[in-house]
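In what follows, a single structure is set out as structure tokens and then discussed.
Computed from a predicted structure; not experimentally measured. Starting from 1, each residue takes its place in the sequence as its number.
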Amino acid sequence: MKKVEKLSSAASSAQWFARLCASVWLFPLIITIALLLLTVFKISGSSMGIYNTLLYGGGKKDSSLLFNKPREIRSDEWVVNTQMTIAQKNNHFARINHNIGQGQDMSVVLDVPYAEWSQIFKPHNLAFFVLPLEFAFALKWWLMAWLLIISCYFFVLSLLPGRRLLAAGISLSLLCGGMIQWWYQ
């Protein structure tokens, strides 16, 4: 009796897996798992590692760097956005940060989280209010890419039904395109 139950359980698992592989939801599931893993392991594409070079010189390898190297040209990210995000966390996400100049109104500055209703329109910043800083920072970094990939994937599928592989390829190509990467974040 138990052998029959095990066989039927294995068969139903195989059927579920086969249905998933044939479904339009396989690619979004893979991308979502990648998003969650990058967030859990606190991995971002930030160039904050440039401070390692500035503080310790080029001789000491940055132990937090996974691959490639931090880019000085991304100073808008590692000098402004990331620093203000950290300042906001230390200021409890107040809209007016009195620790910057004469009191900086963070609602008019770039893309920094602050505790106010208008953050609803910036879903990539909402994680800062519920997650520790490093997890929220990683999620913010990749969430916009996730949204771009998923929306493009389903848009292509609406134009070309059943062309899942083509939709996945186009959505990944769009993310990797030069214009998107130049203006990303």
Side-chain angles (χ1 to χ4, degrees), residues 1-49 64-68 71 74 76-77 81-82 85 88-89 93 110-185:
M1 183 80 144
K2 290 198 179 216
K3 263 188 178 177
V4 172
E5 287 176 11
K6 284 183 182 179
L7 287 174
S8 79
S9 174
S12 67
S13 295
Q15 288 173 344
W16 177 84
F17 185 72
R19 278 192 312 234
L20 176 64
C21 288
S23 168
V24 297
W25 295 102
L26 178 64
F27 180 69
L29 178 66
I30 292 168
I31 298 299
T32 302
I33 289 170
L35 171 72
L36 293 174
L37 288 173
L38 290 166
T39 300
V40 166
F41 290 111
K42 301 182 268 188
I43 298 171
S44 72
S46 175
S47 287
M48 279 291 287
S64 299
L65 190 62
L66 295 179
F67 63 89
N68 214 338
R71 303 292 181 185
R74 295 296 320 270
D76 58 324
E77 180 262 322
N81 288 0
T82 303
T85 299
Q88 280 300 94
K89 189 249 182 218
F93 300 106
L110 302 172
D111 187 23
V112 188
Y114 55 92
E116 193 179 72
W117 67 270
S118 62
Q119 288 296 294
I120 294 169
F121 300 106
K122 297 179 183 179
H124 53 282
N125 282 338
L126 296 177
F128 287 99
F129 305 117
V130 294
L131 294 176
L133 180 67
E134 290 184 65
F135 294 102
F137 185 78
L139 180 62
K140 176 186 177 179
W141 188 271
W142 297 112
L143 185 63
M144 288 187 285
W146 181 86
L147 289 169
L148 176 66
I149 291 170
I150 298 299
S151 62
C152 180
Y153 173 77
F154 284 112
F155 177 71
V156 172
L157 281 180
S158 72
L159 297 176
L160 305 168
R163 306 290 305 266
R164 295 179 307 133
L165 190 58
L166 180 64
I170 289 173
S171 63
L172 290 172
S173 296
L174 179 65
L175 175 68
C176 295
M179 188 182 93
I180 297 295
Q181 288 303 306
W182 183 258
W183 292 105
Y184 186 69
Q185 290 205 358

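- When the side-chain contact (heavy atoms from CB on, under 4.5 Å) test is applied to Ser44, the partners found at least two apart in sequence or on another chain are Ser46, Phe137, Trp141.
- For residues 23-40, the pairs satisfying side chain to side chain donor-acceptor pair (under 3.5 Å) are Thr32-Trp146, with sequence neighbours left out.
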Inset, instruction - Take Asp111 and Asn81 through the side-chain hydrogen bond (donor to acceptor under 3.5 Å, both in side chains) test and state the conclusion after the steps. - result: CA-CA 7 Å; Asp111 187 23; Asn81 288 0; 5.9 Å; no
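- A distance of 5.5 Å separates CG of Leu35 from CG of Leu139, quoted to the nearest 0.5 Å.
- Here the closest heavy-atom approach between residue Gln119 and residue Val112 is recorded as NE2-O, 4.1 Å.
- Atom CD1 of Ile31 is separated from atom CG of Leu147 by 12.0 Å, given to the nearest 0.5 angstrom.
- In this structure the side chain of Phe128 never reaches within 4.5 angstrom of the side chain of Lys89, judged on heavy atoms.
- Annotation: the span from Leu175 atom CG to Met144 atom CE amounts to 11.0 Å, rounded to 0.5 Å.
- For Phe93, the ring pair (Phe, Tyr, Trp, His ring centres under 6.0 Å) criterion is met by Phe129, not counting sequence neighbours.
- Residue pairs meeting the side chain to side chain donor-acceptor pair (under 3.5 Å) criterion with at least one member in residues 147-176, sequence neighbours excluded, do not occur.
- Between the CG atom in Leu148 and the CG atom in Leu172 there is a gap of 9.5 Å [rounded to 0.5 Å].
- Shown here for Val24 and Phe154, the closest heavy-atom pair between the two residues is CG2-CE2, 4.3 Å.
- To the nearest 0.5 Å, atoms CG (Leu38) and CG (Leu143) are separated by 12.0 Å.
- Among residues two or more places apart in sequence or in another chain, the side-chain contact (heavy atoms from CB on, under 4.5 Å) test is passed with Leu159 by Phe155.
- For residues 113-133, every residue pair satisfying the salt bridge (Lys or Arg N to Asp or Glu O under 4.0 Å) rule, not counting sequence neighbours, is listed here: Arg95-Glu116.
- Residues satisfying the side chain to side chain donor-acceptor pair (under 3.5 Å) test with Thr85, not counting sequence neighbours, are none.
- Atoms CD1 and CG, from Ile170 and Leu165 in turn, are 10.0 Å apart once rounded to the nearest 0.5 Å.
- Judged as a side-chain contact (heavy atoms from CB on, under 4.5 Å), and not counting sequence neighbours, Ala138 has no contacts.
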